[in-house]
Participant: 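Have a look at the structure that comes next, please.
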Amino acid sequence: MAVGTPGAEIRPTQSQAVGATVSVRRKAHTNFGLVLERSFAKFDPREQVRNPVIFVVYAFTFFTGIVCLIPWAFPDIQRQGFQENYYVAVTVILFLTVWFANLAEAVAEAQAKAQADSLRDVRAGLQARQILPDGRRRWIAATQLHRGDLVEVRASETVPLDGDVSKGGALIDESMMTGESAAVVRESGGDRTSVLGGSRVLDGTVEIRITSEPGTSFLDRMIQLVEATTRDKSPNEIALTLVLNALTLALLVVIVTLAYLLGFTGLGTLNLAVLIALLVCLVPTTIGGLLSAVGISGVTRVARANVVCKSGKAIEAAGDLDVLILDKTGTITVGTRLAVQFVPAPGTDADTCQRTALLASMLDETPEGRSIARLATLRGIRLEKIKTNECKVVPFSTARRMSGLVLPNGMEMMKGSIGAIAEYVGSFPEELRKAADEASRQGMTPLALARQKQVVGLVILKDVVKPGIAQRLKELRTMGIRTIMCTGDNRLTALSIARESGVDEFVAEAKPETKLRLVALEKSHGRLVAMTGDGTNDAPALARADVGFAMNSGTSAAKEAGNMVDLDSDPTKIIDVISIGKQLLITRGALTTFSITNDVAKYFAVIPAIFIGVTNLEFLNVLQLSDPRVAVLSTLLFNALMIPLLIPLALVGASFRPMPAVDLLRRNLLLYGGGGLVSAFVGIKLLYILLFAIGVR
């Protein structure tokens, strides 16, 4: 790479410097050819052994296949009455069972891979202008940067890796990462210094201190999250896998014992193919084949919501939460004070008060100023044409504590704190002062209005609760999650916001260490706790919480401490993540319930049929399956077909709406438990009729 002075540097091509600006949220297209290829590649024994339930089916598939090819090598099977067509049919159905399980996982992996490829496009070909210790610049590949390196990024260039702005300020487009079209300002100092690798500078020049190594940025973590090969199983998934494996082993022992007991008691013998089919029908192949796909799809849904999750365990922790600790500003409230009311001074009409407020705020570009002008306009105030270039803007300063406008005719329109306006005018109406004190006690902010050094009224500002937040918090309460608002505001302000938003509890006048103590207290009672935050002072509490939900716009310390980072910097998205976690748990439970009740129905279908002539179990033959061979094949085929039929449910997730846990359990038992039982009886009977009709014996 060439090294030179900043003014004479050798620049790479535009495509190298800027890099790809592909939106992460574009639709990822799945290549079905690769899906099929991957599904067959999974027949590798090293792949199959990772799923013991399906591995049992896989092993018996090869065994029955070998019997079909060289039956003379198995004299015991020959003596039982070897029927080649029957063994071939069993082998084909067993093969389909394994392949369908492979296909479910391959489809889920393909979706994740397509999304990962889309994410990789963002960082493709990125170059960085590194600032050397002697002040010179050089272009190097972004992959050669390390933590602590200093780079310069100018307008139309792409940020190479995650970092903090150490000098300057810029308008940055993060849409390729977050999907949000509105640009954001990042500048040195304060809490808004963090920039994301892959975002693009629209205006300005910044020096960025790299905070991540290549391969460990938030983009890399997001890629690792959605790729199935790096997915860690959650504790619930591991526990369910152990249960399924134990059940499979127990049924294997039962079938082997049954075969010996039949021979020992002289009741007869069962064909080996029938015993294998019986085992495969009874082991939980449905949930065993779909379990991995459910986990992968849950992780993919979180990534699709533009949330970087450092561990798949955090997703399920979000679904099991007991307590959610929320900041007030920016989470429950809009975050900026908005004008909600005008209070005219005694002897002043409302029109004069509102007109003064509009004139004092017409060139004020702060959120508060714009909200005052908007409220006055909504109240019907209209201004004559004013030559704004001839007006003098009086900017706000901490010393002056007021701002306003001087019109071309010399008339002054001012707004500011009560004390500043009182000092500016020389007096302040007592009645108006009482109204201001009352507004302050209710958690609102009063600003005084003055027209030509005469107090004309107040404008009341309020930190407004976000639209819909009360409903979202009500949904959390329905799910049994307790919400706690943590704010540095005084108790009256906190109480007002808490009542309006509907949080269960609140902590007022909170210091940075208060959040950490609150998380520790809740966890000491055995509760799972989530917390949102974006500042450095939030980092200890984010690290201590079971789910630490950090904002991308926050500090690097907060993002490193949390186990989830929202690229959109929307604190309320934690509620969506909780819903995804709940849906993941419900989907796994629904498929498990469906699989178990399916197996119960198979007992009534296959066991009485295969024991016809051996012992009297006719009273269990509720489906009236008279031909044992066709009954076994229809049950085995139904068992195989259920896996692909349930793939959409595994990938999309079971429907979820907030409700109490007892109601949710009752609903899912009825829907998926009853559905599994009925579908098995109906499906097996229809397949039996079909196979019998086409002459399968």
Side-chain angles (χ1 to χ4, degrees), residues 42-67 74 76-77 90-91 93-102 104-105 232-265 269-295 588-607 610-611 632 635-640 642-643 646 650 673 676 680:
K42 285 181 175 293
F43 277 94
D44 186 328
R46 291 170 297 182
E47 291 273 354
Q48 292 298 316
V49 77
R50 294 188 294 114
N51 189 341
V53 176
I54 301 300
F55 182 74
V56 170
V57 185
Y58 173 82
F60 282 122
T61 303
F62 272 93
F63 178 76
T64 55
I66 293 172
V67 172
F74 301 91
D76 290 339
I77 295 177
V90 170
T91 302
I93 297 175
L94 293 180
F95 174 83
L96 289 175
T97 303
V98 178
W99 181 59
F100 287 150
N102 292 346
E105 188 171 4
D232 293 328
K233 290 185 177 181
S234 65
N236 284 341
E237 187 175 354
I238 293 172
L240 181 57
T241 301
L242 291 175
V243 171
L244 296 179
N245 294 345
L247 183 59
T248 300
L249 179 61
L251 288 170
L252 181 60
V253 172
V254 167
I255 297 300
V256 172
T257 304
L258 177 64
Y260 277 104
L261 282 176
L262 288 174
F264 180 77
T265 57
T269 59
L270 289 177
N271 188 293
L272 184 60
V274 173
L275 285 173
I276 292 172
L278 176 61
L279 173 65
V280 172
C281 288
L282 299 187
V283 297
T285 52
T286 304
I287 183 61
L290 296 171
L291 190 59
S292 180
V294 172
R588 189 177 295 137
L591 287 173
T592 303
T593 304
F594 189 93
S595 180
I596 291 172
T597 53
N598 248 219
D599 289 342
V600 170
K602 293 171 196 171
Y603 298 158
F604 286 94
V606 69
I607 292 179
I610 64 176
F611 282 107
V632 169
T635 306
L636 196 61
L637 184 58
F638 173 82
N639 183 71
M642 285 312 302
I643 296 176
L646 290 173

Participant: Of all the heavy-atom pairs spanning A101 and I643, show the shortest one and how long it is.
Facilitator: N-CG2, 3.9 Å
Participant: Determine whether V632 and L278 satisfy the following criterion, side chain to side chain contact (heavy atoms under 4.5 Å, CB included), listing intermediate values before the conclusion.
Facilitator: CA-CA 7 Å; V632 169; L278 176 61; over 6 Å; no
Participant: Identify, with sequence neighbours excluded, every residue that meets side chain to side chain donor-acceptor pair (under 3.5 Å) alongside K42.
Facilitator: E109
Participant: Determine the minimum heavy-atom distance between T286 and S595, stating which atoms define it.
Facilitator: CB-OG, 3.6 Å
Participant: Taking the side chain as everything from C-beta on, heavy atoms only, tell me whether L252 gets closer than 4.5 Å to T248.
Facilitator: no
Participant: Apply side chain to side chain contact (heavy atoms under 4.5 Å, CB included) to residues L646 and L591 and explain how you reach the verdict.
Facilitator: CA-CA 8 Å; L646 290 173; L591 287 173; 4.1 Å; yes
Participant: From F60 CZ over to L275 CG, what is the distance, rounded to the nearest 0.5 angstrom?
Facilitator: 9.0 Å
Participant: Do L94 and L636 make a side-chain contact, defined as non-hydrogen atoms from C-beta onward lying under 4.5 Å apart?
Facilitator: yes
Participant: If you compare all heavy atoms of T97 against all heavy atoms of A640, which two are closest, and at what distance to 0.1 Å?
Facilitator: OG1-CB, 3.1 Å
Participant: Compute whether any side-chain donor of one residue and acceptor of the other, for N102 and Q48, lie under 3.5 angstrom apart.
Facilitator: yes
Participant: Taking it one step at a time, do D599 and L282 satisfy side chain to side chain contact (heavy atoms under 4.5 Å, CB included)?
Facilitator: CA-CA 6 Å; D599 289 342; L282 299 187; 5.7 Å; no
Participant: Which pair of heavy atoms, one from I287 and one from P284, lies closest together, and at what distance?
Facilitator: CG2-O, 3.6 Å
Participant: Looking at N639, is its backbone amide N or carbonyl O close enough to the side chain of N598 to form a donor-acceptor pair, meaning the two atoms are under 3.5 Å apart?
Facilitator: no
Participant: Mind checking whether F95 and F43 have ring centres under 6.0 Å apart?
Facilitator: yes
Participant: Quick check against the 3.5 Å criterion: does T592 have a side-chain atom that pairs as donor or acceptor with the backbone of R588?
Facilitator: yes
Participant: Rounded to the nearest 0.5 Å, what separation is found between the CZ atom of F55 and the OG1 atom of T61?
Facilitator: 11.0 Å
Participant: Examine distances only and state if a side-chain atom of T285 and a backbone atom of C281 form a donor-acceptor pair shorter than 3.5 Å.
Facilitator: no
Participant: Taking the side chain as every heavy atom from C-beta outward, state whether V53 and L247 have any atom pair closer than 4.5 Å.
Facilitator: no
Participant: Please name the pair of heavy atoms, one in P45 and one in Y58, separated by the smallest distance, quoted to 0.1 Å.
Facilitator: CG-OH, 3.3 Å
Participant: Work out which heavy atom in A104 is nearest to a heavy atom in A293; give both atom names and the distance.
Facilitator: O-CB, 3.6 Å
Participant: Can you tell me how far CE of M642 sits from CZ of F100, rounded to the nearest 0.5 angstrom?
Facilitator: 12.0 Å
Participant: Determine whether F63 and I276 make a side-chain contact, defined as any pair of heavy atoms from C-beta on separated by less than 4.5 Å.
Facilitator: yes
Participant: Please assess E105 against E47 for the test side chain to side chain contact (heavy atoms under 4.5 Å, CB included), listing each intermediate value before the final yes or no.
Facilitator: CA-CA 11 Å; E105 188 171 4; E47 291 273 354; 5.6 Å; no
